[in-house]
2 protein chains.
Amino acid sequence: MTIETTAQTEQGVTEITLIKDAEKLVASYPRVPITVDCVIFGFEENELKVLLIRSDLEIFKGEWSFLGDFADNNEELDDAAYRVLRERTGMDDVYLEQVKTFSNPRRHPGGRVLTVAYCSLLNIQHHHLKKMDNELHWHNVNAIKTMAFDHKEILTECYKWLQKRILEHPLGFNLLPEKFSLRELQNLYEAILDTKLDRRNFRKKFFAMDFLIDTGEFEDDVPHRPGKLYQFNFDKYEKTKRKLTGIDF
Amino acid sequence: MTIETTAQTEQGVTEITLIKDAEKLVASYPRVPITVDCVIFGFEENELKVLLIRSDLEIFKGEWSFLGDFADNNEELDDAAYRVLRERTGMDDVYLEQVKTFSNPRRHPGGRVLTVAYCSLLNIQHHHLKKMDNELHWHNVNAIKTMAFDHKEILTECYKWLQKRILEHPLGFNLLPEKFSLRELQNLYEAILDTKLDRRNFRKKFFAMDFLIDTGEFEDDVPHRPGKLYQFNFDKYEKTKRKLTGIDF
DNA sequence: TAAATAATGTGTGATAAATACACTTTAAAT
DNA sequence: ATTTAAAGTGTATTTATCACACATTATTTA
């Protein structure tokens, strides 16, 4: 009993020493500020959009950038990305995934800053930009020519990521309203993949997967025959492994 | 002319001011030490291996970890990863790809350290561990139970990455000797994907792609009918978009 | 109220890819 | 000469991809 206590104490002391050693080692190495950047995709008027804000750096005055922020001390980066989303858009139940870390030492004019890019997909109708906030804007992804920092490069990488990811995982539903027509779904895929798809094959493919629930409702604001509205079946989505590859091309 | 010079000077002055502002902003944010960790896969005796080193932290005495290092000031992380490979294995023309950033604030006992995991694939026969260096060891990937830091988690992610990546990109050749038999190639795929493949379909698949060059040579150290030796056709590999998906399952 | 418009909804046949499956051949070892 | 162990090869079935056209329906316009 005495021995056991001693052993424990000794072990405790040793561990504290070892942690001190580790701390000393870590303290001796260069440190870098870390940011997260959220590349937030949306879909509206048949176009793939991305949510940008005017850079808050004078040197990039007028240029657009992603929503981002420095990571707090002891904040996990996923949490930082969710925090940025919450703080800037008011949403926190969105799809979010880490994509890539960018480390060019000259990417930030204020010195070396490392950034981790996160892609987020959100339904524009669920998110209403504050009217006065004209620093925030949804941009057509294909129309963006230049951005602040290395953000154009980040956008390119994230857009490629999205094109690939949407073929192996039906992420697109995160971008649509809760109830959507098959045309809207197809338009979304066409916008993201930047291609035309055959309507019959597209429908066949999606009906073959059991992702779609027929709501029995129809569109009611279209100047032509209204299409049926569907909902996404999240349960099936979790269970299936079926890929979306090979939609027509 | 005078005006132009003045304008240039003024613009220069302004830019310097703006950069100072940016520097001030960056200086005000938390900084974190960054490491890269190289998850180096190899293939030997029909098993997928990963190259590990005994942790240099006393607190992890005896535990295994990836080859890693802190990023130098102003060093791009890809370069840091290549540097680690070069310094520790003597190789620098290896396949290397960024996989994921790990940021749990408690992942390092010496305080917050962020790490970026890189996967590397290398041909074990081209790399001869220094005989005395018994701190470095090739481990069977499936036999690893615990590791230092969060390296077991990193391994899991990188192994998943490899399994996925090898189906869309013929990376496997990086792990094989220059000349290899189809059996070796199939064994490699079976080891990585952890599954059995049909020999005829596997051959059909690889011959259909034009990745293989028939060397006309045969194995000569096997206790049975020797197989033909092939080389990988890097030119075709660059040109093709053909996927490796759907090998038998 | 008839005609024009614009998109919905539906099926089949052709081609290509994935999969399942068994026997003969060859070289080395015994 | 026999055994062993793997190489090498072909076909038939099923599944997925892809190309393609016409009737239907609600709205808008003349």
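The figures that follow rest on heavy atoms only: side chains count, while hydrogens, waters and symmetry mates do not. So that the names make sense, note that chain A is the first sequence line, chain B the second, and so on, each numbered from 1.
For R203(A), taking side-chain heavy atoms from C-beta onward, the closest of the listed nucleotides dG10(D), dC20(D), dG9(C) is dG9(C). Here the side chain of R199(A) is nearest to one of dT10(C), dA20(C), dT28(D), namely dT10(C). When the nucleotides dT28(D), dT19(C), dA5(D) are ranked by their closest atom to the side chain of K204(B), dT19(C) comes out on top. When distances are taken from the side chain of R225(B) to each of dA7(C), dT19(C), dA27(C), the shortest belongs to dA27(C). Taking the side chain of H224(A) as heavy atoms from C-beta on, and the options dA7(C), dT10(C), dA18(C), the nearest nucleotide is dA7(C). Here dA7(D) is the nucleotide among dA7(D), dA29(C), dT19(C) with the atom lying nearest to any side-chain atom of R183(B).
As a whole-Å value, the separation of D221(A) CG from dA7(C) C1' is 14 Å. In this structure, L185(B) atom CG and dG8(D) atom C1' are separated by 16 Å, rounded to whole Å. Atom CG of D198(B) is separated from atom C1' of dT9(D) by 12 Å (rounded to the nearest Å). In this structure, CG of L197(B) is placed 15 Å from P of dC21(C), rounded to the nearest angstrom. Atom CZ of F202(A) and atom P of dA19(D) are 16 Å apart (whole Å). Atom pair E219(A):CD and dA6(C):P shows a separation of 16 Å (rounding to whole Å applied). Summarising the geometry, the separation between NZ on K228(B) and C1' on dA6(D) is reported as 16 Å, rounded to the nearest angstrom. One interatomic measurement links the two molecules: CZ of F206(B) to C1' of dT9(D), which rounds to 18 Å at whole-angstrom precision.
For N123(B) (side chain) and L176(B) (main-chain N/O), a donor-acceptor pair under 3.5 Å exists by modelled atom type. Judged by distance alone, the side chain of D150(B) and the main-chain N or O of E153(B) form no donor-acceptor pair under 3.5 Å.
Checking each of V99(B), I166(B), T156(B) against W161(B) for a side-chain contact (heavy atoms from CB on, under 4.5 Å) leaves exactly one that passes, namely V99(B). Among the candidates V50(B), N142(B), V39(B), the single residue satisfying the side-chain contact (heavy atoms from CB on, under 4.5 Å) test with Y159(B) is N142(B).
Between R200(B) and the phosphate of dC21(C), there is no side-chain N or O to OP1/OP2 separation shorter than 4.0 Å. For K205(A), a side-chain nitrogen or oxygen approaches OP1 or OP2 of dT17(D) to under 4.0 Å.
Considering all non-hydrogen atoms of both residues, L229(A) and S181(A) come closest at CD2-N, 3.8 Å.
Toward the 5′ end of DNA chain D lies the nearest nucleotide of P223(B), the other residue of the pair P223(B) and F218(B) mapping further downstream. Nearest-nucleotide mapping onto DNA chain C: of D220(B) and L182(A), the residue sitting toward the 5' end is L182(A).
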